[in-house]
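Remember, it's 1-based here, ligands and their atoms both numbered in the order they're listed.
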Amino acid sequence: MIEMNNVTKTYKNGVNALNNIDILIEKGEFVYVVGPSGAGKSTFIKMIYREEKPSDGSITIHGTDLTTLKEKDVPHLRRKIGVVFQDFKLLPRLSVFENVAFALEVIEESRDVIRKRVMEVLDIVKLKNKARFLPDELSGGEQQRVSIARAIVNYPRVVIADEPTGNLDPDTSWEIMEILENINRNGTTILMATHNREIVNAIKKRVIAIEAGRIVRDETRGTYGYEK
Ligand code: ADP
Ligand code: ADP
(Lines give C-alpha, C1' and ligand atoms only; values in the text may rest on other atoms or scores of the structure.)
(Ligands and ions follow the chains in the order given, each with its own letter.)
Protein backbone atom coordinates (compact mmCIF):
# COMPACT_ATOMS: atom_id res chain seq x y z
CA MET A 1 0.00 0.00 0.00
CA ILE A 2 1.15 3.50 -0.92
CA GLU A 3 -0.08 6.45 1.10
CA MET A 4 0.63 10.17 0.72
CA ASN A 5 -0.64 12.67 3.24
CA ASN A 6 -0.62 16.37 2.48
CA VAL A 7 2.52 16.08 0.33
CA THR A 8 4.04 19.23 -1.10
CA LYS A 9 7.19 19.47 -3.19
CA THR A 10 9.05 22.68 -3.88
CA TYR A 11 12.34 22.32 -5.76
CA LYS A 12 15.46 24.24 -4.72
CA ASN A 13 14.91 26.77 -7.51
CA GLY A 14 11.54 27.66 -5.97
CA VAL A 15 9.37 25.74 -8.46
CA ASN A 16 6.35 24.36 -6.65
CA ALA A 17 5.80 21.00 -8.38
CA LEU A 18 3.16 19.40 -6.08
CA ASN A 19 0.67 20.77 -3.57
CA ASN A 20 -1.20 19.03 -0.74
CA ILE A 21 -1.33 15.61 -2.37
CA ASP A 22 -3.42 12.99 -0.53
CA ILE A 23 -3.59 9.56 -2.06
CA LEU A 24 -4.12 5.94 -1.12
CA ILE A 25 -3.15 3.13 -3.49
CA GLU A 26 -3.97 -0.41 -2.41
CA LYS A 27 -1.77 -3.43 -3.01
CA GLY A 28 -2.38 -4.90 -6.47
CA GLU A 29 -3.90 -1.81 -8.08
CA PHE A 30 -3.01 -0.66 -11.58
CA VAL A 31 -2.94 3.14 -11.72
CA TYR A 32 -2.36 5.51 -14.62
CA VAL A 33 -1.00 8.95 -13.78
CA VAL A 34 -1.99 11.46 -16.48
CA GLY A 35 -1.82 15.20 -17.01
CA PRO A 36 -0.17 17.88 -19.18
CA SER A 37 3.62 18.25 -19.42
CA GLY A 38 5.03 19.98 -16.37
CA ALA A 39 2.00 19.05 -14.24
CA GLY A 40 4.07 17.15 -11.66
CA LYS A 41 3.65 13.50 -12.75
CA SER A 42 7.36 12.65 -12.68
CA THR A 43 7.81 14.41 -9.36
CA PHE A 44 4.89 12.39 -7.93
CA ILE A 45 6.45 9.16 -9.16
CA LYS A 46 10.00 10.05 -8.11
CA MET A 47 8.88 10.61 -4.55
CA ILE A 48 7.59 7.04 -4.36
CA TYR A 49 11.00 5.52 -5.11
CA ARG A 50 12.73 8.22 -3.09
CA GLU A 51 14.48 9.89 -6.00
CA GLU A 52 13.00 13.10 -4.59
CA LYS A 53 11.91 13.90 -1.03
CA PRO A 54 8.75 15.83 -0.17
CA SER A 55 9.20 19.34 1.25
CA ASP A 56 6.24 18.72 3.50
CA GLY A 57 3.80 15.91 4.34
CA SER A 58 4.37 12.16 4.65
CA ILE A 59 4.70 9.13 2.37
CA THR A 60 4.41 5.51 3.45
CA ILE A 61 5.20 2.55 1.17
CA HIS A 62 4.25 -0.90 2.48
CA GLY A 63 4.79 0.21 6.04
CA THR A 64 8.03 2.12 5.39
CA ASP A 65 7.77 5.80 6.28
CA LEU A 66 9.84 7.61 3.64
CA THR A 67 9.87 10.83 5.65
CA THR A 68 12.05 9.28 8.35
CA LEU A 69 13.87 6.73 6.16
CA LYS A 70 17.64 6.94 6.59
CA GLU A 71 19.88 7.24 3.51
CA LYS A 72 21.46 3.87 4.31
CA ASP A 73 18.03 2.23 4.09
CA VAL A 74 17.18 3.64 0.64
CA PRO A 75 18.74 0.68 -1.25
CA HIS A 76 16.52 -1.68 0.76
CA LEU A 77 13.43 0.34 -0.20
CA ARG A 78 14.49 0.33 -3.87
CA ARG A 79 14.48 -3.47 -3.81
CA LYS A 80 10.76 -3.38 -3.05
CA ILE A 81 10.15 -1.08 -6.00
CA GLY A 82 10.98 -1.79 -9.65
CA VAL A 83 11.36 1.22 -11.93
CA VAL A 84 10.90 1.38 -15.71
CA PHE A 85 11.88 4.51 -17.66
CA GLN A 86 10.88 5.91 -21.04
CA ASP A 87 14.48 5.70 -22.26
CA PHE A 88 15.17 2.22 -20.78
CA LYS A 89 18.43 3.17 -19.00
CA LEU A 90 20.14 -0.15 -19.74
CA LEU A 91 23.89 -0.49 -19.25
CA PRO A 92 25.21 -0.47 -22.84
CA ARG A 93 28.28 -2.67 -22.32
CA LEU A 94 26.43 -5.40 -20.47
CA SER A 95 24.44 -8.17 -22.13
CA VAL A 96 20.70 -8.58 -21.60
CA PHE A 97 21.45 -11.30 -19.04
CA GLU A 98 23.96 -9.13 -17.17
CA ASN A 99 21.67 -6.10 -17.16
CA VAL A 100 18.99 -8.14 -15.45
CA ALA A 101 21.39 -10.05 -13.17
CA PHE A 102 22.95 -6.83 -11.87
CA ALA A 103 20.29 -6.21 -9.20
CA LEU A 104 20.77 -9.75 -7.87
CA GLU A 105 24.56 -9.58 -7.87
CA VAL A 106 24.34 -6.48 -5.70
CA ILE A 107 22.55 -8.49 -3.01
CA GLU A 108 25.07 -11.34 -3.42
CA GLU A 109 22.78 -14.11 -4.54
CA SER A 110 24.52 -17.33 -5.61
CA ARG A 111 25.32 -17.88 -9.31
CA ASP A 112 22.74 -20.65 -9.56
CA VAL A 113 19.97 -18.58 -8.02
CA ILE A 114 20.86 -15.66 -10.30
CA ARG A 115 20.90 -17.79 -13.44
CA LYS A 116 17.56 -19.40 -12.62
CA ARG A 117 15.81 -16.17 -11.70
CA VAL A 118 17.20 -14.16 -14.65
CA MET A 119 16.06 -16.80 -17.15
CA GLU A 120 12.68 -16.91 -15.40
CA VAL A 121 12.08 -13.17 -15.85
CA LEU A 122 13.50 -13.19 -19.40
CA ASP A 123 10.89 -15.87 -20.09
CA ILE A 124 8.14 -13.59 -18.72
CA VAL A 125 9.19 -10.82 -21.15
CA LYS A 126 9.81 -13.37 -23.95
CA LEU A 127 13.51 -12.65 -24.39
CA LYS A 128 15.15 -15.89 -23.27
CA ASN A 129 16.62 -16.35 -26.74
CA LYS A 130 18.39 -12.95 -26.58
CA ALA A 131 20.08 -13.28 -23.20
CA ARG A 132 23.53 -12.80 -24.74
CA PHE A 133 22.63 -9.77 -26.87
CA LEU A 134 23.82 -6.26 -26.11
CA PRO A 135 21.14 -3.54 -25.71
CA ASP A 136 21.95 -1.84 -29.04
CA GLU A 137 21.38 -5.14 -30.84
CA LEU A 138 17.73 -5.00 -29.77
CA SER A 139 14.71 -3.07 -31.01
CA GLY A 140 13.23 -0.40 -28.76
CA GLY A 141 10.44 -2.69 -27.62
CA GLU A 142 12.91 -5.42 -26.76
CA GLN A 143 15.04 -2.98 -24.77
CA GLN A 144 11.96 -1.94 -22.82
CA ARG A 145 11.21 -5.61 -22.13
CA VAL A 146 14.74 -6.03 -20.73
CA SER A 147 14.16 -3.04 -18.49
CA ILE A 148 10.89 -4.58 -17.26
CA ALA A 149 12.72 -7.85 -16.56
CA ARG A 150 15.29 -5.90 -14.57
CA ALA A 151 12.52 -4.10 -12.68
CA ILE A 152 10.80 -7.33 -11.54
CA VAL A 153 13.82 -9.55 -10.89
CA ASN A 154 13.79 -8.84 -7.13
CA TYR A 155 10.07 -9.63 -6.75
CA PRO A 156 9.09 -6.00 -6.02
CA ARG A 157 5.65 -5.25 -4.61
CA VAL A 158 5.41 -2.11 -6.72
CA VAL A 159 6.47 -1.38 -10.29
CA ILE A 160 6.70 2.26 -11.30
CA ALA A 161 6.79 3.11 -14.98
CA ASP A 162 7.45 6.66 -16.16
CA GLU A 163 6.09 6.87 -19.73
CA PRO A 164 7.18 3.31 -20.58
CA THR A 165 5.70 3.50 -24.10
CA GLY A 166 6.87 7.06 -24.79
CA ASN A 167 9.58 5.99 -27.25
CA LEU A 168 7.74 3.07 -28.82
CA ASP A 169 5.49 2.61 -31.84
CA PRO A 170 1.82 1.66 -31.21
CA ASP A 171 2.15 -2.12 -31.80
CA THR A 172 5.17 -2.34 -29.51
CA SER A 173 3.36 -0.24 -26.89
CA TRP A 174 0.50 -2.76 -26.74
CA GLU A 175 3.02 -5.58 -26.22
CA ILE A 176 4.53 -3.68 -23.31
CA MET A 177 1.06 -3.18 -21.80
CA GLU A 178 0.34 -6.90 -22.07
CA ILE A 179 3.47 -7.62 -20.05
CA LEU A 180 2.67 -4.97 -17.42
CA GLU A 181 -0.87 -6.35 -17.07
CA ASN A 182 0.54 -9.83 -16.59
CA ILE A 183 2.83 -8.62 -13.83
CA ASN A 184 -0.12 -6.81 -12.23
CA ARG A 185 -2.24 -10.01 -12.35
CA ASN A 186 0.37 -11.64 -10.15
CA GLY A 187 -0.37 -9.10 -7.43
CA THR A 188 2.23 -6.44 -8.15
CA THR A 189 1.00 -2.85 -7.83
CA ILE A 190 1.64 -0.82 -10.99
CA LEU A 191 1.87 2.94 -11.28
CA MET A 192 2.31 4.24 -14.79
CA ALA A 193 2.70 7.87 -15.86
CA THR A 194 1.60 8.15 -19.47
CA HIS A 195 0.56 10.39 -22.36
CA ASN A 196 -0.83 7.41 -24.26
CA ARG A 197 -4.48 8.29 -24.76
CA GLU A 198 -5.35 5.14 -26.76
CA ILE A 199 -3.98 2.80 -24.10
CA VAL A 200 -5.62 4.57 -21.14
CA ASN A 201 -9.00 4.62 -22.91
CA ALA A 202 -8.78 0.99 -24.04
CA ILE A 203 -7.29 -0.77 -21.02
CA LYS A 204 -9.49 0.68 -18.28
CA LYS A 205 -7.81 1.20 -14.93
CA ARG A 206 -7.76 3.74 -12.14
CA VAL A 207 -6.77 7.16 -13.48
CA ILE A 208 -5.20 9.88 -11.36
CA ALA A 209 -4.97 13.20 -13.20
CA ILE A 210 -2.50 15.83 -12.03
CA GLU A 211 -2.64 19.44 -13.18
CA ALA A 212 -0.42 22.25 -11.91
CA GLY A 213 0.71 20.13 -8.96
CA ARG A 214 -2.73 19.07 -7.76
CA ILE A 215 -4.84 15.94 -8.17
CA VAL A 216 -7.82 17.09 -10.20
CA ARG A 217 -9.37 13.69 -10.93
CA ASP A 218 -9.21 10.19 -9.43
CA GLU A 219 -11.45 7.64 -11.16
CA THR A 220 -11.69 3.87 -10.62
CA ARG A 221 -12.09 3.08 -14.32
CA GLY A 222 -11.17 6.39 -15.81
CA THR A 223 -10.40 7.85 -19.19
CA TYR A 224 -7.42 9.80 -20.45
CA GLY A 225 -9.45 13.01 -20.63
CA TYR A 226 -7.11 15.16 -22.73
CA GLU A 227 -7.09 15.81 -26.46
CA LYS A 228 -3.51 14.75 -26.99
P1 ADP B 1 5.60 16.13 -15.58
O2 ADP B 1 6.25 14.82 -15.29
O3 ADP B 1 4.12 16.12 -15.36
O4 ADP B 1 5.96 16.68 -16.93
P5 ADP B 1 7.46 17.19 -13.61
O6 ADP B 1 7.18 16.53 -12.32
O7 ADP B 1 8.62 16.73 -14.41
O8 ADP B 1 6.13 17.19 -14.50
O9 ADP B 1 7.64 18.75 -13.36
C10 ADP B 1 6.77 19.53 -12.53
C11 ADP B 1 7.38 20.94 -12.39
O12 ADP B 1 8.57 20.86 -11.62
C13 ADP B 1 7.77 21.59 -13.71
O14 ADP B 1 7.54 22.98 -13.59
C15 ADP B 1 9.24 21.29 -13.82
O16 ADP B 1 9.89 22.26 -14.59
C17 ADP B 1 9.69 21.33 -12.36
N18 ADP B 1 10.84 20.46 -12.08
C19 ADP B 1 10.93 19.13 -12.32
N20 ADP B 1 12.10 18.64 -11.88
C21 ADP B 1 12.77 19.70 -11.36
C22 ADP B 1 14.06 19.87 -10.74
N23 ADP B 1 14.88 18.81 -10.56
N24 ADP B 1 14.41 21.09 -10.31
C25 ADP B 1 13.56 22.12 -10.47
N26 ADP B 1 12.36 22.06 -11.02
C27 ADP B 1 11.96 20.86 -11.48
P1 ADP C 1 12.23 -2.79 -34.89
O2 ADP C 1 11.92 -2.67 -36.35
O3 ADP C 1 11.14 -3.43 -34.09
O4 ADP C 1 12.78 -1.56 -34.26
P5 ADP C 1 14.87 -3.82 -35.39
O6 ADP C 1 14.80 -3.66 -36.87
O7 ADP C 1 15.69 -2.88 -34.59
O8 ADP C 1 13.40 -3.88 -34.79
O9 ADP C 1 15.31 -5.29 -35.05
C10 ADP C 1 14.63 -6.42 -35.57
C11 ADP C 1 15.26 -7.65 -34.94
O12 ADP C 1 16.65 -7.79 -35.30
C13 ADP C 1 15.19 -7.61 -33.44
O14 ADP C 1 14.72 -8.85 -32.98
C15 ADP C 1 16.62 -7.35 -32.99
O16 ADP C 1 16.93 -8.07 -31.82
C17 ADP C 1 17.46 -7.87 -34.15
N18 ADP C 1 18.62 -7.00 -34.33
C19 ADP C 1 18.62 -5.68 -34.60
N20 ADP C 1 19.86 -5.19 -34.70
C21 ADP C 1 20.70 -6.22 -34.48
C22 ADP C 1 22.12 -6.37 -34.42
N23 ADP C 1 22.96 -5.35 -34.62
N24 ADP C 1 22.60 -7.59 -34.14
C25 ADP C 1 21.78 -8.62 -33.93
N26 ADP C 1 20.43 -8.56 -33.96
C27 ADP C 1 19.90 -7.37 -34.23
Participant: Would you please name every residue forming a salt bridge (Lys or Arg N to Asp or Glu O under 4.0 Å) with Arg217, sequence neighbours left out?
Facilitator: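 Once residues adjacent in sequence are excluded, the partners of Arg217 under the salt bridge (Lys or Arg N to Asp or Glu O under 4.0 Å) criterion are Glu219.
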Participant: When you group the ILVMFWY residues by side-chain heavy-atom contacts below 4.5 Å and let the links chain together, are Ile124 and Ile114 in the same group?
Facilitator: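 Same hydrophobic cluster.
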Participant: Going by distance alone, is a donor N or O of one side chain under 3.5 Å from an acceptor N or O of the other, for Thr67 and Asp65?
Facilitator: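 Distance-only check passes for Thr67 and Asp65.
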Participant: Do the numbers put Lys46 on top of the ring of Tyr49, so that NZ or CZ is under 6.0 Å from the six-membered ring centre and no more than 45° off the axis?
Facilitator: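 Judged by the rule, Lys46 and Tyr49 form no cation-pi pair.
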Participant: Enumerate the side chain to side chain donor-acceptor pair (under 3.5 Å) contacts for residues 14-24, please, sequence neighbours excluded, ordered by first and then second residue.
Facilitator: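 For residues 14-24, and leaving out neighbouring residues, the side chain to side chain donor-acceptor pair (under 3.5 Å) pairs sorted by first residue read Asn6-Asn20, Thr10-Asn16, Asn16-Asn19.
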Participant: Among all residues two or more places apart in sequence or in another chain, which pass the salt bridge (Lys or Arg N to Asp or Glu O under 4.0 Å) test with Lys128?
Facilitator: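 Testing Lys128 for salt bridge (Lys or Arg N to Asp or Glu O under 4.0 Å), a comparison that skips the adjacent residues, returns none.
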Participant: Any idea which residues sit under 4.0 Å from ligand 1, heavy-atom distances?
Facilitator: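 Ligand 1 is contacted, at a heavy-atom distance under 4.0 Å, by Tyr11, Asn13, Val15, Ala17, Pro36, Ser37, Gly38, Ala39, Gly40, Lys41, Ser42, Thr43.
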